[in-house]
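Structure record follows, encoded as structure tokens.
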Amino acid sequence: MKNSYSNIFTFNKKILSKTIKSLKNGGVVGLPTETVYGLGGNAYSKKAVRKIFQLKGRPQFNPLIIHYHNIKDAQNDVVSNKYFEKLYKLFCPGPITFVLKRKNTSKINRYACANLKTVAIRFPKNKIAKAILKKTGFPLAMPSANKSSNVSPVNSKDVHEEFNTKLKIIIDGGKCKVGIESTVIDLTSNPKILRPGVIDKKVIENYLKIRIKTHKNKNKILSPGMMRKHYSPGIPVVINQKKHDGKSAYIYIGNKHKKRKDFFSLSKKNNLFLAASNLYKIFRIIKKKGYKKIQINKIPNFGAGIAINDRINRASKF
Ligand code: TXA
Ligand code: MG
């Protein structure tokens, strides 16, 4: 171990076998994925699943995403369909989650899926997550490794900040490349985006050659992560701000306010993917600096910008 935290480990063979052993015993570990860090446990184990809910303080009605190494493993638990198979071919492993019908014979703990007849599944691309999933022999139920309603962690230290030593193992995989949670798409009937991500609706529509809806009815919770009280940095957030108020932290995209105190650029080169990847990191930095409020400039609403707007919009409702 090369850091000052007793529970953050660099990935190697020794920590891999220690992690597998812990997971087989119903343990829960913090590990990197390409989107955000996850809190992983055996999806077939009631003990592990309960521990995840308890650690996060997550409401029981909010189901977890089940992570697999490949499609063959997933087909033990879900009913496959043509859209799923097409999207899997193009995007997986990668930052997209599919909601599918649960098989009657599935061994996934019912508590993990909040007793629903559907299961959200994902195939992470991160090498560490993949290496672990290859060795477990069971899928991992894995929500983002933050306390319920907080901002997702994008570094191993962020996970430590959330759970301290309540986790015995946090594997360090550096900063998450995508930095924002996966796109969630419901494929149980006509495809519907439940949570926007960097794989955006337009790209999926062009590929499948169909129109896709985005779930917008805020009163009906289809995907409980769409609850408004979510992704909060813990201080008030106001969006679509044209002018700095002189005291708050001000988030924007570009390099117009370079070197000005209180100004934080999500991407100096106006790259929306980079902007998405920096959002949670910058939220945490601002909070640590002691600011009382965050103002955010208007963010372009296309591509990865749609996912950014989704998250900051929710953060502003806190
Ligand atoms: O990028 C990600 O997806 C990360 C990494 C760790 O994989 N995970 C993540 O998990 O964001 P979590 O638990 O923070 O968010 C899961 C989302 C929630 O919005 C949840 O309501 C939704 O997926 N979900 C899970 N199962 C579902 C289901 N059966 N039907 C509809 N939505 C579901
Ligand atoms: Mg989450």
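First listed ligand is number 1; within each ligand, the first listed atom is number 1.
- Residue contact check: Glu181 has heavy atoms under 4.0 Å from atoms 1 (O), 11 (O) of ligand 1.
- Residue contact check: Ser144 has heavy atoms under 4.0 Å from atoms 8 (N), 9 (C), 10 (O), 12 (P), 14 (O) of ligand 1.
- The residue among Met142, Glu34, Arg58 with a heavy atom at the shortest distance from atom 13 (O) of ligand 1 is Arg58.
- Every atom of ligand 1 with a heavy atom of Gly38 under 4.0 Å away is listed here by number and element: 6 (C).
- Of all protein N/O/S atoms, those under 2.8 Å from the Mg ion (ligand 2) are Ser144 OG, and waters are not counted.
- Contact detail for Ile235 and Tyr291: the closest heavy-atom pair is CD1-O, 3.5 Å.
- Donor-acceptor pairing under 3.5 Å is recorded for the side chains of Asn278 and Lys175.
- For the pairing with Thr33, the side chain to side chain donor-acceptor pair (under 3.5 Å) check across Lys125, His67, Arg122 returns one residue only, Arg122.
- Between atom OH of residue Tyr250 and atom CD1 of residue Ile294 there is a gap of 13.0 Å, rounded to the nearest 0.5 Å.
- Here's the thing with Thr33: none of its N/O atoms is less than 3.5 angstrom from an N/O atom of ligand 1.
- Below 4.0 Å from some heavy atom of Ser182 lie the following atoms of ligand 1, by number and element: 1 (O), 2 (C), 3 (O).
- Electrostatic pairing of Lys288 and Glu161 counts as a salt bridge here, judged by a charged N lying under 4.0 Å from a carboxylate O.
- Separating the CG atom in Asp200 from the OG1 atom in Thr183 is a distance of 7.5 Å, to the nearest 0.5 Å.
- Classified by interplanar angle (parallel below 30°, tilted 30° to 60°, perpendicular above 60°), the ring pair His244/Phe263 is perpendicular.
- Checked by distance only, ligand 1 and Lys56 stay at 3.5 Å or farther apart across all their nitrogen or oxygen atoms.
- Considering backbone and side-chain N/O of Arg122, one or more are found under 3.5 Å from N/O of ligand 1.
- Atoms of ligand 1 found under 4.0 Å from any heavy atom of His67 (numbered from 1 in listed order, with element): 5 (C), 7 (O).
- Short contacts between ligand 1 and Thr118, defined as distances under 4.0 Å to a heavy atom of the residue, involve ligand atoms 28 (C), 29 (N), 30 (N).
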Full working for ring-ring contact (aromatic ring centres under 6.0 Å, His included) between Phe98 and Phe84: CA-CA 7 Å; Phe98 311 97; Phe84 165 53; 5.0 Å; yes
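- Residue Leu194 touches ligand 1 through its side chain alone, judged by heavy-atom distances below 4.0 Å.
- A salt bridge links Glu162 to Arg284: one of the charged nitrogens lies within less than 4.0 Å of a carboxylate oxygen.
- Ligand 1 places these atoms under 4.0 Å from at least one heavy atom of Val99: 30 (N), 31 (C).
- For the 3.5 Å distance criterion, the side chains of Ser182 and Thr97 qualify, holding a donor opposite an acceptor.
- The minimum heavy-atom distance between Ile121 and Ala74, with the atom names listed, is CD1-CB, 3.9 Å.
- Judged purely by distance below 3.5 Å, without hydrogens or angles, the side chains of Asn313 and Lys317 pair a donor atom with an acceptor atom.
- Contacts with ligand 1 closer than 4.0 Å are made by side-chain heavy atoms of Leu116 only, the backbone lying farther away.
- Close contacts between ligand 1 and Thr35 involve ligand atoms 1 (O), 2 (C), 4 (C), 5 (C) [criterion: under 4.0 Å to a heavy atom].
- With 3.5 Å as the limit, one finds no donor-acceptor pair spanning the side chains of Asp158 and Tyr280.
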